[in-house]
Amino acid sequence: MSITSLMLGWEFPPLISGGLGTACHGLTKAMSRRGMRVTFVLPRHKPMHFAEMGDDVGVASVKGMRNVRVRPVESSLRAYGRFGPKPIHPVSAAIEAELSDEPAGGPTPYGPSLEQEVFRYAQRVMRIAERERFDVIHAHDWMTFPAGIAVAACSRKPLIVQVHSTEFDRTGEHVNQFVYDIERQGMHAATRVITVSNYTRNIVITRYAVPPEKVEVVYNGVDPSAWSRTTPRPPWPASGDRNVLFVGRITMQKGPEYFLYAAKKVLEKLPNVRFIMAGDGDRLHGIIELAAWLGIGHRVRFTRFLPSQEVQRAYRMADLYVMPSVSEPFGIAPLEALLNDVPILISKQSGLAETFRHALKVDFWDTLEMANKIVAVLRHKVLAQSLLANGQAEARRFRWEDSAAKVNDIYQRVLNVA
Amino acid sequence: MASVCFYFQVHQPYRLRHYTIFDETADYFDGFKNAQICRKVADKCYLPTNRLLLDLINEYEGRFKVAFSITGVVLEQLGEYAPDALASFQDLAKTGCVEFLAETYHHTLSFLFSPGEFASQVRAHKRLIHDTFGQTPRVFRNTELIYNNSLAQAVERLGGFDAILSEGADHILGYRSPNYVYRPPNTRHVKLLLKNYRLSDDIAFRFSNRDWSEWPLRADKFAHWINAVNGNGYVVNLFVDYETFGEHQWEETGIFEFLRHLPGEILKHPDTDFKTPSEAAAAYEAVDTIDVPCFISWADVERDLSAWLGNPMQHNAITELYNLEGLVKSSNDPDLLTDWRRLQTSDHFYYMCTKWFADGDVHKYFNPYDSPYDSYINFMNVLDHLRCRCTASTADSGKELAAAAAP
């Protein structure tokens, strides 16, 4: 029997703004390849066109994913709430009106209407679910949890929640109680909780009091076919500027200020290094000011949010990719950097660091050591080449097929017990 | 007649401290950690094993003999951090049943990179052994049993050596047994003793392995295997790291009990005895010439140089290090020379090995770094500082010369 999953997920190409979307897409694609059936409930801001999808409003099938049906649900929810980039595509008048109700900025990143929207989304998903046949519900991150709980209660099907990040990752200790409560309810209501690393599993167990036997790790993968290599990387430059790259949302979670503090120290040793920061986020203006205040503004470039083709161009220029995250549940982007021929330096406070060997690793707060390692990669060609060659081989072993197989295994066990 | 030839390797490197590109002082070594490790190994291995060997030598009245190769860098550290352990080695030397071998003072790969430096390190080590233990070594063993034809020839040219120890690797022996004495090609009198790696590794690696079909290994069983050599071999060369006793194989595994009973069990057989490497080389004629054109060693399954020179980082680091030889030596700065030599210790390159990194393995046990990359970065930062000192000191002596020349 092939299991059908009602997947409450996020973002399909071309609109991918971060790891959550990448993970939902990569996992679903691999599940389809294994013959697992997925009904993918996708929030969308009307009208929207998906590269791989037909334009049918009700049900869409996706090119290259035989076993996946997409059920769009109208919603203004975005993968990262207010932390994320602005939608590229215009939203419909009705949703626009809702969006404009949200107060801009303020002390909390989530407006009151976001709270309402999460429940409106749940109601719409309930209506969709009534007309769908499925065996399990698989909900990705907190905004979909109320919908998952509601559908599970009505359909009496098991709920599996997958945690790609927690409120503690996103905000440190400045937790939004509303979000935390929803996360906690979802995790406790679920039959199984999937986390993307042991790092996150520990947070789920210690901060949300979820019984450890319920929480399983499924590592993310990386899709080499998504990064077609058209132009070969230019050879190691004999002289000229060297580029160190940061890609990610400019938020507290991603540690952009540690990147700049390290940059300041690197420039004391190597003056011809450029630091490129690709991303948007609520800390962007503060970080631009910090660069100026440190006196290194002329050595730091802010590109704002880059779509994937542009990110690929940034990789082509980069000598090193740095992920200085304060708390990173997994870290798909460093694997993508490796596939684009860039060696990586990652923070130890990440899921990837617990399992990946051929990377340089530092504590995010240890900016002296971060600078020490950046300088080493830029000065020693042999080091950069070894990190890259070994790292690429290792990155290719993170396959979505393996993630999908583990998810399938979890589904089987949940259904046999139920 | 069959002889058992025990040789124990004793070595501890000067481990580097965490050294960043922002460090500007010339204190490269982690005194605290080195002292701590020396003290720990002295207490768990050197002191109890030396005491046991001394008892056994007294008990068997000269019929039980062993050999040690002790590096200069570990002797220096024992003198500083564990003088009681150093004294216990000296007590063993006084029995007359213990032979001390020669090697490179700093446990280096210098033979591969600088023949002149190699010769001075061997001479320095010989002097140190003479001054510490009152005997002049007649047998040579190169770092990690690294060996080839040209090493044998170079050692013979240095003079004063009767034999060289190396690994009885299958690919150099072919059908031949390691239990005979051999000679290298194109040498006059120097002989070759090759490690019996099966029996040596039974003690060093497999002793406590419960998945091994021969576990638990007891002295009588092992003596039985040794005695089986009678009639088809002269000498069983058991070459092991001394830290096997009490450190790699913990006391709880029964390794000390094994060692305590081994001489008695072996000597029960009337045709078996113990010989030191010098005695074995003197007692037995070489039966054949062993041709070793490529380097061999006792490391890993490959028995080659790949543990130290298996990846580009290792090659880069060691080449850069030996490139400084001229600068270091022309500086006439003894501290600089000492630091440069301590950096040559093979362990620094072993830490950069990526061969087993993916699987996690025995290499990890010996490695103070989280990753081979961290080890390379640390080493290169130190080397960078050393290079700056060279140029600064050359500039200084240039200034002095100029000052002296000035009227």
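A, B, ... follow the sequence lines: proteins, then strands. Residue 1 opens every chain.
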Between [X] and [Y], is any pair of side-chain heavy atoms under 4.5 Å apart?
X	Y	result
B/Asp370	A/Lys348	yes
A/Leu360	B/Asp374	yes
B/Asn316	A/Lys381	no

If you round to the nearest 0.5 Å, how far is [atom2] of [Y] from [atom1] of [X]?
X	Y	atom1	atom2	result
B/Met352	A/Ser386	CE	OG	11.0 Å
B/Glu320	A/His380	CD	NE2	8.0 Å
B/Ile21	A/Leu378	CD1	CG	11.0 Å
B/Thr20	A/Leu368	OG1	CG	5.0 Å
A/Asn390	B/Ser371	CG	OG	10.5 Å

Subject >> Which atom of B/Tyr373 lies closest to which atom of A/Arg357, heavy atoms considered >> reply: CE1-O, 4.2 Å
Original post:
If you take all heavy atoms of B/Phe22 and A/Lys265, which pair is closest and at what distance?
Top reply: CE2-O, 3.5 Å
Original post:
By a 4.5 Å heavy-atom criterion (distance strictly below it), what part of A/Ala389 contacts chain B: side chain, backbone, both, or neither?
Top reply: neither
Original post:
What part of A/Glu369 gets closer than 4.5 Å to chain B, counting heavy atoms only: side chain, backbone, both or neither?
Top reply: side chain
Subject >> Toward chain A, the part of B/His18 with a non-hydrogen atom under 4.5 Å >> reply: side chain
**OP:** Check each atom of B/Asn311 against the heavy atoms of chain A and say whether the ones under 4.5 Å are side chain, backbone, both or neither.
**Re:** neither
Original post:
For chain A, which residues of residues 377-384 of chain B have at least one non-hydrogen atom nearer than 4.5 Å to it?
Top reply: B/Ile377, B/Met380, B/Asn381, B/Asp384
Original post:
Taking atom types as modelled, is there a side-chain donor on B/Tyr19 or A/Asn372 under 3.5 Å from an acceptor on the other?
Top reply: no
Original post:
Has A/Glu213 got more than 12 heavy atoms of other residues, nucleotides or ligands less than 6.0 Å from its CD?
Top reply: yes
